[in-house]
Amino acid sequence: MTVIYNLQKLQPLWQTVDPFLLCAHHVDHYPTGNEQLGPNASLSGHQLGQDFIPLKDNWRMYHGHTVPGFPAHPHRGFETVTISRKGSIDHFDSMGATGRYGDGDVQWLTAGNGIQHSEMFPLLNPNNENPLELFQIWLNLPAKDKLCAPMFTMFWHESLPIFRHRDSHQRETQVDIIAGTLANTTPLSPPPNSWAAEDHNHVAIWHIHMDAEAEWQMPPCPQGVNRRVYYYQGQSLTAGQSRVTQGHCFDVEPQQNLSIVNHAEPSHMLVLQGRSINEAIAQQGPFVMNKQSELMEAFNDYQKTQFGGWPWPQADTTHPRHQARFISVGGKQDFPPSDDGDTPCSPSKPNAT
Ligand SMILES: O=C(Oc1cc(O)cc(O)c1C(=O)O)c1ccc(O)c(O)c1
């Protein structure tokens with residue numbers, strides 16, 4: 001029996017289904033970093049401010065001019081989940097929260113009634129290349145929660161639950177659990193207004209790594225839950241009875257086990273799963289509401305209040321090169337768990353270029 005369907009080639013912005021709105025996978029091979037933490041290379045050939053297509057190098061500046069990334073911009077009506085895999089991200093927002101995270105950490109930001117934030121990718125290594133890889137996922141909020149208070153949540157990679165399975169040949173499948181229980185592995189708590197906060201919505205965000213030739217059965221989920229698998233790195237595998245090559249996504253019949261047999265190369269997949277919110281969507285750029293009139297209200301409110309303003313020196317502010325990972329929210333600092341029990345240093349003043 002076929003248990004996968006809608007097999008399709010991945011588009012530059014990965015195609016998503018309700019309750020997800022967007023999934024961007026950024027992979028950039030940045031060169032060494034300069035004094036300003038930007039690329040130590042010529043920027044000619046990059047369409048500065050709008051550099052999304054790597055025409056010249058295999059890296060992009062996105063909306064950045066000096067440092068790559070996304071300088072201050074607003075959101076309303078949904079959540080961003082940023083899964084860093086390689087490299088660092090400097091966060092600043094209109095609530096006064098800031099931080100540096102990366103290398104597997106996950107930031108979950110409930111934009112709710114409105115927030116401005118910046119996400120810059122500082123190139124911290126002046127002597128070597130600065131690879132960056134991250135996923136930015138937009139998870140919709142239901143009408144009842146679209147205007148909730150914004151909230152900043154950080155999952156340090158040291159605390160993320162990991163599910164591990166070894167097949168009969170000791171080949172491993174590892175699943176990093178950002179949301180959604182898998183077998184007996186439960187996730188960290190999502191933000192309280194998230195669609196993921198209600199168990200019966202079965203929201204899952206899983207990052208899967210399978211050894212070459214590993215075999216694993218993804219357990220079923222309830223009828224009516226959308227489960228989409230993005231196969232983005234590897235060579236090929238068999239999902240159910242279908243051969244799938246890297247660079248494709250497919251949907252899974254929820255009520256059946258999905259057998260995955262990996263072929264000769266290690267494979268990486270992302271799973272986005274959840275019950276549909278099933279409400280009308282009115283979207284313009286960074287605002288996602290249910291009706292046109294609510295979009296107008298969003299633009300008017302943003303013009304009037306700037307969603308709290310911008311309390312930082314610049315729209316593309318970064319932290320100093322040697323700043324370790326941290327967050328500061330509501331004046332309270334938090335650091336990744338350390339093995340040696342040492343208290344990490346407090347953050348220093350941010351950079352203004
Ligand atoms: O790239 C797009 O979205 C983003 C990805 C990020 O990693 C951070 C961000 O702040 C954004 C963003 O807010 O735009 C994107 C979004 C929509 C779209 O039509 C695109 O072509 C790209």
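As the structure lists them, so they are numbered: ligands from 1, and atoms in each ligand from 1. In this text the structure is predicted, and so the values were computed from the model without any measurement.
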Legend entry - Note, Met61 side chain near Trp59 side chain (heavy atom, < 4.5 Å): yes
Inset, instruction - May I ask you to identify, for Thr82, whether its side chain, its backbone, both or neither come under 4.0 Å of ligand 1 on a heavy-atom basis? - result: neither
Inset, instruction - Could you tell me whether Phe52 approaches ligand 1 through its side chain, its backbone, both or neither, with non-hydrogen atoms closer than 4.0 Å? - result: side chain
Legend entry - Salt bridge Arg60-Asp51, side-chain N to carboxylate O under 4.0 Å: no
Inset, instruction - State whether Arg325 and Asp105 are salt-bridged, where the test is any N-O pair (Lys NZ or Arg NE/NH1/NH2 against Asp/Glu carboxylate O) under 4.0 Å. - result: yes
Legend entry - Donor on one side chain, acceptor on other, Asp57 and His29, under 3.5 Å: no
Legend entry - Ser276 side chain to Asn226 side chain, donor-acceptor N/O pair below 3.5 angstrom: yes
Legend entry - Candidate pair Asp93 and Thr98, rule side-chain contact (heavy atoms from CB on, under 4.5 Å), full reasoning: CA-CA 6 Å; Asp93 72 37; Thr98 184; over 6 Å; no
Legend entry - Heteroatom distance test (Glu119, ligand 1): nitrogen or oxygen, under 3.5 angstrom: yes
Inset, instruction - Assess His63 for proximity to ligand 1: is some non-hydrogen atom of it under 4.0 Å away? - result: no
Inset, instruction - Consider ligand 1: state whether an atom of it lies below 4.0 angstrom from any non-hydrogen atom of Trp138. - result: yes
Inset, instruction - Before giving the answer on side-chain contact (heavy atoms from CB on, under 4.5 Å), spell out for Ile205 and Phe20 the whole-Å C-alpha distance, their side-chain angles and the decisive distance to 0.1 Å. - result: CA-CA 11 Å; Ile205 303 177; Phe20 296 94; 4.2 Å; yes
Heavy-atom contacts with [X] under 4.0 Å: which atoms of ligand 1 show up? List them by number with element.
X	answer
Leu22	16 (C), 17 (C)
His73	10 (O), 13 (O)
His75	13 (O)

Inset, instruction - May I ask you to identify the nearest protein heavy atom to atom 5 (C) of ligand 1, giving residue, atom name and distance to one decimal place in Å? - result: His26 NE2, 3.4 Å
Legend entry - Protein residue, atom and distance nearest to atom 18 (C) of ligand 1, heavy-atom basis: Leu13 CD1, 3.5 Å
